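Chain identifiers are assigned alphabetically (A, B, ...) following the order of the sequence lines, protein sequences preceding nucleic acid strands; residue numbering begins at 1 within each chain. Keep in mind it's a predicted model, so treat the numbers as computed, not measured.
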Amino acid sequence: MTRYATQALAMVKGLAVTFRYLFRRPVTVAYPEEKPRVAARYKGRHWLTLYADGMERCVGCELCVIVCPSQAIYVKAAENTPDHQVSKGERYAEIFQINELRCIFCGFCEEACPTGAIVLGHEYELAGYTRDSLIYTKEMLTEPYPGASGRDPRREI
Amino acid sequence: MPGEIGIMALKSAFLVFLLLTACAYMTLLERRMLGRFQVRIGPNRVGPFGLLQPLADGIKLLVKEDFVPRGADLLVYWLAPGLSMVTALLVYAVIPFGPEVRIFGREVPLYLADVNVGILLVLAISSLGVYGIVLGGWSANNKYALLGSLRSTAQLISYELALGLAVISVVLQAGSLSLVEIVKAQERVWFVVTQPVAFLLFFIAGVAETNRSPFDLPEAEHELIAGYHIEYGGFKFAMYYVAEYINVVTMSALAVTLFWGGWHGPWLPAPLWFLLKVFGFVSVFIWIRATLPRVRYDQLMALGWKVLVPLGVANVLATAVVMVLPKGM
């Protein structure tokens, strides 16, 4: 008899819990209209960042290419010359491509980069209609002005 | 006399329209409410607040492929969903929405028929509705469907008994089998006050009768995928679906009629009170679905035969004794 009573009480308790939840605010984010705010360290699309003076950070060392577990990065380096100084090192990246379809957004490239050139930004809407359109070239990856990626252009690395 | 028939036909058509609309919007209400219980929004894309969702669902089901499984018993396979839906709708012929009202200088009662054995008719028709499930599960030539329909048969037979016993104590107190008379007998005191045990029995048995969670074993998706309607698609499936939801509304309406005073209530007009109470009960059905997990099959049977039926018999006996005692002394 007591068993039945406790069981019935448990049911009533459960009903009380769900009743409380009925009046909670839904946690749903109505996505296309309302965008979720990502965490500060969120790993989204890549940016090739610039120094505050507009110089490219990338020195074409290809460490990101070596560390990339899904082999999504292709870099072809070229020598800086006094009348064509692109970066602050000896070399710069002449070609820099990231295949966003291969990338698993692990952030290893960002960690490996000695100059802090490659960073992962907050943009996550990376869909496209063709595979070709998702191979980001250097023009697409380089931030349009220093600090456009959200990182401080005066930082060390 | 032809005028009477015309009014009857008009009322029937209106009632069927009302029921089907109510049932369509109950699916939306259920989905929205379940969403809120689970701290999410629920369907809100089709039309304002998702109000056109039932229409979209209906169109989708209508244009779906109409298939028949190999080895199905064709006649029964086609007949079963219709049987389910027609019996579900038929019950409303005797459920009173309100007392007589004057429309265009004519006394029009807000019920289709005041049968003197109304509640008996309701039980009989809802028992017939079982055939829709049994035959549908059997004719589809599928083991899951067959298992679902067998479960459903056993469940409905066990719980019909408890339901009947709960109703008998109400009938004893009201002194009539007519639903209109039963409502009129609750003018002063609702039967839920004098018959709380019977109400509890009725409600538990009612949830089991409508195959709703936590007693939705005939269509337990984990064990039987979809149970008796597994081989039904398109509009035949929709008919089962409609039948299930109408049965939920029926059980709510019956609970209101038998225990919660039917159309009685202060201030508001009578039919509004009735609809409000039914809405409340439908919400409780959804609330229970959002809360309680499905019971095991042996638990279901044990609850029915070892708890509800003895309790029902005891309640009927107690009611009878209390009814007779003052007169005998």
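Heavy-atom distances place no part of A:R20 under 4.5 Å from chain B, backbone and side chain included. In this structure, chain A has a heavy atom under 4.5 Å from the side chain of B:L292, while its backbone stays farther away.
Of all the listed residues (B:M33, B:R36, B:R40, B:Q38), the one sharing the greatest number of non-hydrogen pairs under 4.5 Å with chain A is B:R36.
Of all the heavy atoms in A:T28 and B:I41, the pair that sits closest is OG1-N, 3.3 Å. A:T18 and B:W287 get closest at one heavy-atom pair: OG1-NE1, 3.1 Å.
Other residues, nucleotides and ligands contribute only 12 or fewer heavy atoms inside 6.0 Å of the CD atom of A:E156. In B:F279, the CZ atom is not crowded: 12 or fewer heavy atoms of neighbouring residues, nucleotides or ligands sit closer than 6.0 Å. More than 12 heavy atoms of other residues, nucleotides or ligands sit less than 6.0 Å from atom CD of A:E94. Within 6.0 Å of the CD atom in A:Q85, the count of heavy atoms belonging to other residues, nucleotides or ligands exceeds 12. Within 6.0 Å of OH in A:Y31 there are more than 12 heavy atoms belonging to other residues, nucleotides or ligands.
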